[in-house]
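Keep in mind the model is a prediction, meaning the values are calculated, not measured. Note on naming: letters A, B, ... go to the chains in the order of the sequence lines (proteins, then strands), and numbering restarts at 1 for each one.
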Amino acid sequence: MPELPEVEVTRLGISGHLVGNKVVGVCVHSAKLRSMVPPELAGVLTGQKIQSVERRGKYLILKCSAGSLLVHLGMTGHLRIVAGGRAAGPHDHFDLLFASGVLLRLNDVRRFGSLHWTAADPAKHKLLSGIGPEPLTGAFSAEYLYQKSRGRKVAVQPFIMNSAVVAGVGNIYAAESLFACGVLPTTPAGSLSAADCAKLAAAIKEVLSRSIATGSSSMDFCREDGKLAYFPQTLGVYDREGEPCRECGGKIRRGRFGNRSTFFCPNCQH
DNA sequence: AGAATTACCTGAGCGC
DNA sequence: TGCGCTCAGGTAATTC
């Protein structure tokens, strides 16, 4: 399930194939994603040259002179560069055909992904305008996290998963970051000390950048059979309920916020 | 008003 | 075989 590192590696992988390349066709195999694929997409994209491929949180932004295509991969979505003419398979929903002969193909088993078109500055689009700082930039700092969390009673895990607080941190990396810095996911955000916030901000940056580094060295988007799945990384706590903690050997426990699971080591996290 | 919580979209995979 | 349940991210809706 793509989180920020997977989206960033996708961006790095597809960017070189797309920038400067002209869209010569749009093929919508299925318009029914989490939100309907905008019907005007073929009309506005055909003939456009991709100027840049950017990322904001978990959104990819394909910038053209007439506007921008926003792509969200949801839980199971992935984008792949494939040879033109290759037949669409199950769960292939959308293709952009390029002048160079390649296709950018969106595959999404569970259809949680979405596509949006905006003619204006994408940063002003309502899906992006309310998003908090990028976690890998200086704007997301210990000081920022400390100030932002003051007075907040919500548990720190859902707090850092709130995209208005910080962009692109999902369930897996939230749990991993909290394990990495020794903070229990149930801790009220407002009760974190300045030192806790410093450790947590550093842990989020470390966990995300390590995953991007791992992913970008192992992915090959040119391969038609290349799969975008979990990066071959070792998870410390996520989905390891009952298994031994890699630090202390104690049992990893599962907790719950609403209908979201969290995983933690009660011995290593306080 | 602003924060916290809940529902919703989807479909694979699971247990029974 | 088939039903009911779970899970995921992010937004909208609702409650507090």
Side-chain angles (χ1 to χ4, degrees), chain A residues 1-11 28-38 55-61 70-79 89-94 106-118 122-135 145 147-177 185-192 204 207-208 211 227-231 235 237-242 252-263:
Chain A
M1 49 209 72
E3 292 210 30
L4 186 148
E6 289 85 350
V7 178
E8 177 63 11
V9 170
T10 297
R11 188 186 74 78
V28 180
H29 305 291
S30 165
K32 201 168 156 284
L33 301 180
R34 177 155 51 92
S35 60
M36 293 299 280
V37 174
R55 178 187 59 73
R56 184 76 174 96
K58 296 179 184 173
Y59 286 92
L60 283 168
I61 305 166
L70 310 184
V71 184
H72 195 287
L73 297 175
M75 180 184 162
T76 53
H78 58 261
L79 286 170
H91 313 305
D92 286 337
H93 304 307
F94 178 81
L106 173 69
N107 179 285
D108 186 359
V109 173
R110 295 191 187 176
R111 298 171 183 267
F112 264 40
S114 57
L115 298 171
H116 313 267
W117 173 258
T118 176
K124 295 192 171 65
H125 190 277
K126 73 170 185 176
L127 292 172
L128 303 184
S129 61
I131 295 181
E134 283 294 319
L145 190 58
Q147 291 304 331
K148 193 78 178 174
S149 58
R150 294 310 86 188
R152 303 292 294 269
K153 292 176 179 162
V154 69
V156 63
Q157 175 147 348
F159 178 71
I160 59 175
M161 288 170 63
N162 181 346
S163 63
V165 172
V166 56
V169 177
N171 209 24
I172 296 173
Y173 292 110
E176 293 298 317
S177 300
T186 47
T187 310
S191 73
L192 295 174
I204 289 171
V207 167
L208 293 177
S211 294
K227 285 199 186 298
L228 176 58
Y230 277 117
F231 293 159
L235 295 173
V237 288
Y238 188 81
D239 206 20
R240 297 193 65 237
E241 182 184 16
I252 301 299
R253 299 259 296 274
R254 174 194 280 249
R256 189 168 277 273
F257 300 106
N259 55 4
R260 294 284 201 283
S261 285
T262 185
F263 300 87

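- A:Arg56 places a side-chain N or O within donor-acceptor distance of the main-chain N or O of A:Ile131, the cut-off being under 3.5 Å.
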Going through the distances and angles, do A:Leu60 and A:Val7 end up as a side chain to side chain contact (heavy atoms under 4.5 Å, CB included)?
CA-CA 7 Å; A:Leu60 283 168; A:Val7 178; 3.7 Å; yes
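- Picking from C:dA12, C:dT6, C:dT11 the nucleotide with the shortest atom distance to the side chain of A:Lys126 gives C:dA12.
- Side-chain N or O atoms of A:Glu134 include one that pairs as donor or acceptor with a backbone N or O of A:Gly57 at under 3.5 Å.
- For A:Tyr238, counting side-chain heavy atoms from C-beta on, the closest listed nucleotide (C:dC7, C:dT11, C:dG9) is C:dC7.
- One N or O on the side chain of A:Asn107 and one on the backbone of A:Pro90 form a donor-acceptor pair closer than 3.5 Å.
- A heavy-atom distance below 4.5 Å is not found between the side chains of A:Thr10 and A:His78.
- The side-chain hydrogen bond (donor to acceptor under 3.5 Å, both in side chains) test applied to A:Lys32 returns no partner, not counting sequence neighbours.
- Rounded to an integer number of Å, the gap from CD1 of A:Ile172 to P of C:dA8 is 8 Å.
- Within the nucleic acid shown, A:Asp108 has no heavy atom closer than 4.0 Å to any nucleic acid atom.
- Axis angle between the ends of the helix from B:dG2-C:dC16 to B:dC16-C:dG2, five pairs each and rounded to 10 degrees, works out to 50°.
- Within 4.0 Å of A:Arg34, counting heavy atoms only, lies at least one base atom of the nucleic acid.
- Projected onto DNA chain C by closest heavy-atom contact, A:Ile131 and A:Ser261 fall at different nucleotides, the more 5' of which corresponds to A:Ser261.
- Looking at which nucleotide of DNA chain C each of A:Arg110 and A:Leu128 is closest to, the 5′-most match is held by A:Arg110.
- Counting only heavy atoms from C-beta outward, the side chains of A:Leu79 and A:Leu73 approach each other to under 4.5 Å.
- Residue A:Ser35 is out of contact with every strand shown, counting any heavy-atom pair closer than 4.0 Å.
- Between the side chain of A:Arg111 and the backbone N or O of A:Gly113 there is no donor-acceptor pair closer than 3.5 Å.
- For A:His93 (side chain) and A:His91 (main-chain N/O), a donor-acceptor pair under 3.5 Å exists by modelled atom type.
- Contact check, A:His72 against C:dG10: a side-chain N or O comes under 4.0 Å of OP1 or OP2.
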Are there any protein N/O atoms within less than 3.5 Å of an N/O atom in nucleotides 13-16 of chain C, and if so, which ones and at what distance?
none

Determine, step by step, whether A:His116 and A:Thr118 satisfy the side chain to side chain donor-acceptor pair (under 3.5 Å) criterion, reporting the C-alpha distance in whole Å, the side-chain angles of both residues, the deciding distance to 0.1 Å, and the verdict.
CA-CA 7 Å; A:His116 313 267; A:Thr118 176; over 6 Å; no
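- The CD-P distance, from A:Glu3 to C:dA8, rounds to 10 Å in whole Å.
- One can place CG of A:Leu60 at 12 Å from P of C:dG10, the figure rounded to the nearest angstrom.
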Test A:Arg110 against A:Thr76 for side chain to side chain donor-acceptor pair (under 3.5 Å), laying out the working first.
CA-CA 6 Å; A:Arg110 295 191 187 176; A:Thr76 53; 5.4 Å; no
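- At the heavy-atom level, A:Leu33 lies nowhere under 4.0 Å from the strands shown.
- For DNA chain B, the residues of residues 149-159 of chain A within the heavy-atom distance limit of 4.0 Å (strictly under) are A:Arg152, A:Lys153, A:Val154, sorted by number.
- Residues that satisfy the side-chain hydrogen bond (donor to acceptor under 3.5 Å, both in side chains) test with A:Glu176, not counting sequence neighbours, are absent from this structure.
- Between the side chain of A:Gln157 and the backbone N or O of A:Thr262, no donor-acceptor pair lies under 3.5 Å.
- In terms of polar N and O atoms assigned as donor or acceptor, the side chain of A:Arg260 comes within less than 3.5 Å of the base of C:dG10 in a complementary pairing.
- The outermost nucleotides of DNA chain B lying under 4.0 Å from heavy atoms of chain A, listed 5' to 3', are B:dA3 to B:dA12.
- When side chains are defined from C-beta on, A:Leu4 does not count as touching A:Tyr173, because their heavy atoms never get closer than 4.5 Å.
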